[in-house]
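Proteins get letters first, then strands, A, B, ... in listed order; numbering begins at 1 in each. Just so we're clear, the structure is a prediction, and the values are computed from it rather than from any experiment.
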Amino acid sequence: MNDRLSKPYNPSETEGRIYKLWEESGYFSPDNAGNDTVDNFAILMPPTNANGSLHAGHSLVLTIEDVIVRYKRMAGHKTLWLPGLDHAGFETQVVYEKKLEKEGRSRFELKPDELYSEILNFTLENSKVIKSQIRSMGASCDWSREKFTLDKDIVEIVYSTFKRLSDDNLLYRGKKIVSWCPKHRTSFSDLEINDEERIDTLYYLKYGPFTIATARPETKFGDKYVVVHPSDNRYSKFKHGDKIELEWINGPITATVIKDDAIDMEFGTGAMTITPWHDVADFEIALRHNLEREQIIDESGRLLPVAGEFAGMKIAEARPKIVERLKEKGLLEKIDSDYKHVVRTCYKCGSIIEPQIRSQWFIKMKSLAQEALRKIQSMEVEFIPQHYEKISIHWLENIIDWNISRQIVWGIPIPAKICSLCGEGFVDLEDKITKCEKCGGNVEKDNDTFDTWFSSGQWPFASLGYPSGADFKEFYPTQVLETAGDIIFFWVTRMIMLGLYVTGKVPFKTVYLHGMVLDAKAQKMSKSKGNVINPLDLTAKFGTDALRMALIVGNTPGTSLALSEDKIKAYKHFANKIWNATRFVLSNTENFIYESNPTIVKRDDEILRAMSETLTDITSDMENFRFYMAGEKLYHYFWHTFADIIIEESKAVLSGGNEQEIKSRKWTLIEIEINMLKALHPFMPFITEEIWSFMPHQAKSKMLIAERWFENKKV
RNA sequence: GCGCGGUUAGCUCAGUUGGUAGAGCAUCUCAUUGACGUUGAGAGGGUCAGAGGUUCGAGUCCUCUAUCGCGCACCA
């Protein structure tokens, strides 16, 4: 018997060695798929944040996708799993800004191109780490096709889509109110905002003859419109457009009465003043009545000169002082300190979003969404679990225009010119435009970058080399997209829309969405709770195969998974079981010739039929994305049928049976061992490949990774 | 407010088209140096959140209620 097999299984000694053998074999590439493939199968790895390190979520993605890919490869498909790294625009910039902060530096002191190259170096350096960690999970992706979202060819495709959207009148430069984070000094799309319920103070302020309620007295300096509902009898003596002189925070002002249906008569006093520059609803009222808009708060969240002596203060600092002033002036009528409302915050830093009016690039989403809806409703793309279909439909039906401009340097620069006179923007891929095409004014380069999801939304066709690349022709559209359910709007629906728009095809047939990985108590992992599980600690302790099984079994699509060490330990025991059962099989079949047409006794025939049924069942689970079930059935069959019953029974057969029974049983043991190794390989690739190398030569022709999924043996 | 889920054994969860409630872990009893103690044999443990309905038959389908979670949209 092999020396290694005679000792306990040692994952840490085995895994690196096996992975190297796979990589050198070339089997990760569809180009070496062999001549017996049935058709093509492609899946793209969700581009991994190049500067992050492997967390539990990654280990789940990599495991599920590797299970799919290894199965499909063995089942005879020419299989491509394309690995990708993401520059992860804002995410990475935030990480880098924290690093700068620690060094006592600030992004705002650096020239944009210097900052860009610093982050690029940082990212490229860190990407080595994440790539080796992806390998450590056993991911059998084709590294020769690795793509990065900032690769030149990817950027070119992103640019041509931008141009095409503009040519098709689906892109516009809008001076609209956008969600703005004063800490990060960038705008966001509606998806990067969190809604937080808070208890705050509601101030009732005397505004001439009116009393208005506000939670944000610090924005009120420039308010010169008081708005009431047209049918509110309390204010019927005021007409739309009436001018009123009144004393306000910093002195007398002239206010104008506006009547608008948007006012809720039940709220507060039914009268409010508006701050169109910093509030979405106010902005819309101002738009309807063509009212003046004045900026009160600057881009870093400080009050502007309009605030008089409060100018330059941050909101949090200014508010109590302004309230004090209002009180002194007798303008503060009452305070409701138990006011429950929703505050919008930056999803990254929790800063309160200060809406700002800015010129940004927007994509008109309506028609793109309608095409996507049509394809989803006609089942051209299928969701697993199915209820995500409803969620997507709901979102697509209520879609709003997408702000793709970000005021950060780390990203793909927007290839456009902006007129410094009239603010109009022009897409300019060749850097040719020198004068505003509208007013003749001078133009400047757009300093903004794309929302990172604008480029990742094009990943399927971009990474495959649209429009003329060989891989695009061969593998697009792909078969499966596998990713986390919580990025369905950020990424999945946008890939469907942009894929359809650019290529006319939905980029994938099946969307498989997994849930979150939680800790053993089903709590969300977070640094502050200190319950973050590092998958690499787990693989070191229990072996990668054990972690993979723990991530797969009991994990139904779309639902989150509680990951406990006990569970992983159980699969480490399972690995041990496989190892020792193999030891039994091989030590009892030494020098036995594994023929192709053996004579099988009745009992073994029963055993083999039952195994075959189990494998047929498991194959059906694999085809239908029920990996949790396939994994559990394999575990169960191997342990409680093969080991507990068949092997136990074999001890008596091998010592007391007749020659034919012994021969038949030895053949049967090897046959089951071979089929189990194949069936387990997608789940537990390392130990099965290692054992495969010990199998008698006549039972195999190549590495297990390249073997064909079990055939229906006629027994 | 609108939408989407969950509620099944002590814990984490399965349960495919309706047909006698399952797994892993944990607990308890017994066995044994065997391929494996990272073991084997067995046991206990559930009004399937509640109520009503459809059905010969409901954990599964329908309605309502409770409760937990998530998403979206919101009025100062």
For Y204(A), is the NZ or CZ atom of K334(A) found under 6.0 angstrom from the centre of its six-membered ring and inside 45 degrees of the ring axis?
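The answer is yes; both the distance and angle limits are met.
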With K176(A) as the cation and F362(A) as the aromatic partner, state whether NZ or CZ is under 6.0 Å from the six-membered ring centre and within 45° of the axis.
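Yes, K176(A) sits over the ring of F362(A).
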What is the nucleic acid contact for [X], judged by heavy atoms within less than 4.0 Å: base, sugar-phosphate only, or nothing?
| X | value |
| --- | --- |
| K569(A) | nothing |
| Y628(A) | sugar-phosphate |
| D644(A) | sugar-phosphate |
| I263(A) | base |
| K577(A) | base |

With hydrogens left out and only the distance checked, is there a donor-acceptor pair under 3.5 Å joining E648(A)'s side chain and the base of A41(B)?
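Side chain to base: no pair present.
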Nearest nucleotide by nearest heavy atom, which residue falls closer to the 5' end of RNA chain B, D190(A) or Y635(A)?
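Closest to the 5' end, via its nearest nucleotide, is Y635(A).
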5'-most contact on RNA chain B: T556(A) or I647(A), nearest heavy atom basis?
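With T556(A) and I647(A) compared, the 5'-side residue is T556(A).
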Using the [atom1] atom in both, what is the distance from [N] to [M], to the nearest Å?
| N | M | atom1 | value |
| --- | --- | --- | --- |
| U60(B) | G45(B) | C1' | 23 Å |
| G15(B) | G5(B) | P | 15 Å |
| A23(B) | C48(B) | C1' | 16 Å |
| G6(B) | U16(B) | P | 12 Å |
| C30(B) | G44(B) | C1' | 15 Å |

Dot-bracket assigned to RNA chain B with the 3.5 Å Watson-Crick/G-U criterion, [ ] for crossing and | for other-strand pairs, is (((((((..((((.....[..)))).((((((....).))))).....(((((..]....))))))))))))....
I'd like to know if the side chain of H278(A) and the backbone of I296(A) have a donor-acceptor N/O pair within less than 3.5 Å.
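Yes.
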So do F574(A) and M684(A) actually touch side chain to side chain, heavy atoms under 4.5 Å?
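Yes; the side chains approach each other to less than 4.5 Å.
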Please determine whether side-chain contact (heavy atoms from CB on, under 4.5 Å) holds for the pair D451(A) and R494(A), giving the CA-CA distance in whole Å, both sets of side-chain angles, and the decisive distance to 0.1 Å.
CA-CA 12 Å; D451(A) 178 357; R494(A) 285 163 174 175; 4.2 Å; yes
Any chance the rings of F627(A) and Y71(A) have centres within less than 6.0 Å?
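Distance test on ring centres: not under 6.0 Å, no.
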C36(B) P sits how many Å from F638(A) CZ, rounded?
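It works out to 14 Å between those atoms.
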Just grab all the salt bridge (Lys or Arg N to Asp or Glu O under 4.0 Å) pairs involving residues 208-218 of chain A, residues at least two apart or on different chains.
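Residue pairs with at least one partner in residues 208-218 of chain A: R216(A)-E218(A), R216(A)-E354(A), E218(A)-R319(A).
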Check every atom of C4(B), C75(B), U16(B) against the side chain of K633(A) and return the nucleotide holding the closest atom.
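The listed nucleotide nearest to K633(A)'s side chain is U16(B).
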